[in-house]
Amino acid sequence: MRKVIPAWAAITLLSMMSVAWAVEPPSSQHNIPQQALDATAPPTTMAALAKARPVTAQHAMVVSAQHLATRVGVDILKQGGNAVDAAVAVGYALAVVHPCCGNIGGGGFMVVHLASGKNLFLDFRETAPLKASPTMYQDAKGNVIPGKSTGTYLGIGVPGTVMGMDAALKKYGSMSLRQVITPAIKLARDGFVLQQGDINILNERVKDFAKYPNVANIFLHHGQPYVVGDRLRQPQLAHTLELIEKGGTRAFYHGSIARKVVAASEAHGGILSMKDFADYSVKWDTPLTCGYRGYTLVSDPPPSSGGTTICEILQILKPYPLAKWGYGSVNSVHYIIEAERRAFADRNTYLGDPAFVHNPIAKLLSPQHADLMRSTIQPDKATPSSEIKGSLGPVEGNNTTNYSVVDKHGNAVAVTYTINYLFGVGQIAGDTGFFLNNEMDDFTSKPGVPNSFGLVQGRINQIEPGKRPLSSMSPTIVLRDGKLFMVTGSPGGSTIISTTLESFLNVVDFGMNMQQSVNAPRLHEQWLPDHAFVEPGLLTPQVRQKLEAMGHHFKVVKSWGADEAILVNPRTGLLEGANDRRRPSGLAAGY
Ligand code: DON
């Protein structure tokens, strides 16, 4: 059964810097309609790349996909707040000024490196409602019903962001909720002036905004699309944020906000209940770590696949002289594709919510496993994805935004959080003023049938009540000799993994500065479909020809991802912030 993605979703996902694919089932030939409509991100040239320089700061830095949210974070840091205070303030501010992706209606992950050396992971991923079931998106014949997991109230997971922000602030922040949420309330109430970058994102779903009067009232301007210079005011969201400011998580999970979401869900055929909200909890866990050429990556464990997959790719790549081969060379591209192909096959086969299934992380990241994977890579020939299976045998037992913060103490926070599609499910419950997620699409709707990101996943990630859908989000902190080196991450669904990987490899192996690394044309391979995705400018015609002669297939996609990263320059000690050129409304700023 072919999973059809509505035109807007393909457009939205692509231009929201992710890649969405309508994909044939794995058994047949993959044929992927590709469009990249991120008009604001013209392909970079090698000449432009050579000139790219990061923003530098001596003490502290914030990089986010919306300049006003970055400013909120820098203000908090200047007032004496720490990186966690700033991260929570930016989280709430992005929910207002970057409503496609910043949210209180979704969930995400936070990775923290404390100046003391301690590393932490906070999981505030959404959960499946208690009435959810493995086949809930299938018809009587077992076919996946297009759009059910993405465009209806049945696609909504129980949101985690408000509890996540609260948990982080209470445990490691130094400021009150009032201090960190007030800038967001003000931005929502007074409004903010829209720039071209904001308009481009809003325009992606303008037609959908018109479908629901309560959405149109906010996100259309007297029924028309907003234009540059208009002020977007969100009084209802301001009110909801004030309820959170006064009532904390109780207001969201037990009070009128939950009641309104549940009422809207019931009115629209959804299954969310007050018990779903009351039962929701966040989790502190140990981050997943791995070593690569003297660096330690600190990233997220399941229920994200991000950290595990990035680390598996790096373990495979370790012995190869990428630096000598160079960025965009035949060998580098070949081996990165082959490593990604194998690691994504494992991702899709073996990873799921650890509260429900066993994740064989130690095996996947072992040196023996990397040896085994390398032994199957041929130096001069692409391996067809059809020849790759999950490498451990049968399973045992059973639009997003990233931002980075560093404070003057050396504490660092990486956050990626999401409502999945740009503007999530596209619906707002009553007068709550915030978009709800469609995160349930990250589950396996049916084994072997690709989701919106073309991920062909297995039973391990099947829907179960209370379970967290497997994510690709990868907020990542890199240390060198225990000291902070890099804070990075990106939106982009499955491409998050390769974007975050490249953010690191471009600096460590290919000698780029942070801005060059973020700007550089990208490469993404995810096992199925059997195509590598490339942004224009990565492959010269000669390199492409050679790789194709080796059996590689490429799809050129205009752009994806939005890496908002910070590097601590080991030579100068300065912080180097890089906003992704693909998010022109974003900003790196510090002091
Ligand atoms: O958690 C995940 O992997 C996806 N829901 C992320 C979605 C995403 O990045 C969309 N953004 N561009």
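This chain uses plain numbering: 1 for the first residue, then up along the sequence. Hydrogens, waters and symmetry mates play no part in the numbers below; they use all other heavy atoms, side chains included. Bear in mind the structure is a predicted one, so any value in this text is a computation, not a measurement. Order of appearance sets the numbers: ligands from 1, and atoms from 1 within every ligand.
- For the pair D442 and ligand 1, the shortest N or O to N or O distance falls below 3.5 Å.
- In this structure, Y421 falls outside the shell of residues with a heavy atom less than 4.0 angstrom from ligand 1.
- Within a 6.0 Å radius of NZ in K207, other residues, nucleotides and ligands contribute 12 heavy atoms or fewer.
- Remark: F533 CZ to S494 OG distance equals 8.0 Å, nearest 0.5 Å.
- Between N103 and Y417, some side-chain heavy-atom pair lies under the 4.5 Å cut-off.
- Residue contact check: M473 has heavy atoms under 4.0 Å from atoms 1 (O), 3 (O) of ligand 1.
- When all heavy atoms of Q195 and V228 are compared, the pair lying nearest together is C-CG2, 4.1 Å.
- Residue contact check: S472 has heavy atoms under 4.0 Å from atoms 1 (O), 2 (C), 3 (O) of ligand 1.
- Close N/O approach between P491 and ligand 1 is not found [any backbone or side-chain N/O within under 3.5 Å].
- If you look at R125 next to ligand 1, the close heavy atoms, those under 4.0 Å, all belong to the side chain.
- With sequence neighbours excluded, the residues satisfying side-chain hydrogen bond (donor to acceptor under 3.5 Å, both in side chains) with E338 are R341, R342, T383.
- In the vicinity of I496, heavy-atom distances shorter than 4.0 Å reach the ligand 1 atoms 9 (O).
- On a distance-only criterion, L470 and ligand 1 share no N/O pair closer than 3.5 Å.
- The proximity of L422 to ligand 1, defined as any non-hydrogen pair under 4.0 Å, does not occur for either the backbone or the side chain.
- Shown in contact with G492 at under 4.0 Å from a heavy atom are these atoms of ligand 1, numbered in order with element: 8 (C), 9 (O), 11 (N), 12 (N).
- Near E439, the atoms of ligand 1 lying under 4.0 angstrom from a non-hydrogen atom of the residue are 1 (O), 4 (C), 5 (N).
- One finds no salt bridge joining D442 and K467 here, because no Lys/Arg side-chain nitrogen approaches an Asp/Glu carboxylate oxygen to under 4.0 Å.
- Taking Y226 as the reference, H221 meet the ring-ring contact (aromatic ring centres under 6.0 Å, His included) condition, with sequence neighbours excluded.
- The shortest distance between side-chain heavy atoms of E525 and S498 does not fall below 4.5 Å.
- When non-hydrogen atoms are compared, ligand 1 lies under 4.0 Å from the backbone of T400 as well as from its side chain.
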